[in-house]
Amino acid sequence: MTGHTPRRPAPATGPPPGPAVLIAAVSTVAQADRAITAGADMIDAAGLSDQAMAAIRARHPRVRLWAGSPAAVDVDSLRAMPVAAVVARAAVLTWLGTPAIRTRHVLPVRRAIDMTCSIAGTRLPARTTRGLA
């Protein structure tokens with residue numbers, strides 16, 4: 001047939017994925033404090049001593065410490081990656097529905113996750129402006 005274009009498969013239906021959990025990779029209590037302030041959902045407890053974990057729990061009683069579950073994608077897997085590449089990787093992973101993202105760059109990755117979820121429609125924008133006419 002001339003001009004016949006095959007049909008594309010219908011997009012998958014169902015609820016869009018929710019926002020990814022942001023896990024902060026830290027090695028000191030001060031880094032954990034900064035990560036919690038920047039918006040980390042969990043703190044990676046793998047590299048922390050028992051005293052450091054106790055200090056974090058004393059300062060931030062509601063913080064969750066990550067011990068490997070749920071499985072997380074490490075966006076900082078290559079040490080020489082620039083921050084922009086880490087942020088871009090986190091945005092793409094969020095768009096694809098990754099449930100948990102682990103990083104050392106908490107603030108820019110948190111912003112990328114929030115922006116991606118707002119564009120995907122799974123999160124309301126932080127600020128809406130109406131009636132600019």
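All of these numbers come straight from a predicted model, not from anything done at the bench.
- In the hydrophobic cluster analysis, where Ile, Leu, Val, Met, Phe, Trp and Tyr join through side-chain heavy atoms closer than 4.5 angstrom, Val106 is grouped together with Val86.
- With Thr94 contributing its side chain and Ala20 its backbone, the two residues share no donor-acceptor pair below 3.5 Å.
- Using a 4.5 Å cut-off between side-chain heavy atoms of Ile, Leu, Val, Met, Phe, Trp and Tyr, with links allowed through other members, Ile36 and Ile23 fall into different hydrophobic clusters.
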Run the numbers on Thr28 and Gln31 for side-chain contact (heavy atoms from CB on, under 4.5 Å), then give the verdict. CA-CA 5 Å; Thr28 65; Gln31 288 177 352; 3.2 Å; yes
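- No side-chain heavy atom of Val109 sits less than 4.5 Å from a side-chain heavy atom of Val83.
- A 4.5 Å side-chain heavy-atom check between Ile43 and Val26 finds at least one atom pair inside the cut-off.
- Note that the CD1 atom of Ile119 and the CE atom of Met115 stand 4.5 Å from one another [nearest 0.5 Å].
- For the pair Arg89 and Val75, the tightest heavy-atom approach, listed with the atom from each and the gap, is NH1-O, 3.6 Å.
- Leu22 and Val63 fall into different hydrophobic clusters, defined by Ile, Leu, Val, Met, Phe, Trp and Tyr side-chain heavy atoms under 4.5 Å apart, directly or through other members.
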Hey, mind stepping through Arg110 and Asp41 against side-chain contact (heavy atoms from CB on, under 4.5 Å) and telling me if it holds? CA-CA 9 Å; Arg110 166 53 63 200; Asp41 297 318; 2.7 Å; yes
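- Put simply, the side chain of Val29 reaches to within 4.5 Å of the side chain of Arg59, judged on heavy atoms.
- Neither Trp66 nor Ile56 shares a network with the other; the hydrophobic side chains, linked directly or stepwise wherever heavy atoms of I, L, V, M, F, W or Y lie under 4.5 Å apart, form separate groups for each.
- Annotation: the span from Thr116 atom OG1 to Arg123 atom CZ amounts to 10.5 Å, rounded to 0.5 Å.
- The minimum heavy-atom distance between Asp33 and His60, with the atom names listed, is OD1-NE2, 2.8 Å.
- Residues Met81 and Ile113 fall within the same hydrophobic cluster, defined by Ile, Leu, Val, Met, Phe, Trp and Tyr side chains chained together at heavy-atom separations under 4.5 Å.
- A salt bridge links Asp44 to Arg102: at least one charged side-chain nitrogen sits closer than 4.0 Å to a carboxylate oxygen.
- Side-chain N or O atoms of Thr98 include none that pairs as donor or acceptor with a backbone N or O of Ala100 at under 3.5 Å.
- Between Ile101 atom CD1 and Met42 atom CE the span is 14.0 Å, to the nearest 0.5 Å.
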